[in-house]
Amino acid sequence: MPAGVGWGKYLTFSSAAMLAMFAGAQVVHSIYRPLDDLDKLIKLELEKHLKEKPD
């Protein structure tokens, strides 16, 4: 294993790191809600793109 660490410690560290990443992503999406206005933003950008596009 890397750096002479045994399987148990390696798997424990990897599991804890993955759990922390999942928890952080969940907190961000619960508190900041980055995807709530995604439909509105897409609609605005599409309208702006179609308005600027010459026919």
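Between H49 and E45, every side-chain heavy-atom pair lies at or beyond the 4.5 Å cut-off.
Taken together through direct or relayed side-chain contacts under 4.5 Å among Ile, Leu, Val, Met, Phe, Trp and Tyr, L35 and I42 form part of one hydrophobic cluster.
Identified under the side-chain hydrogen bond (donor to acceptor under 3.5 Å, both in side chains) test for residues 27-37, with sequence neighbours left out: Q26-S30.
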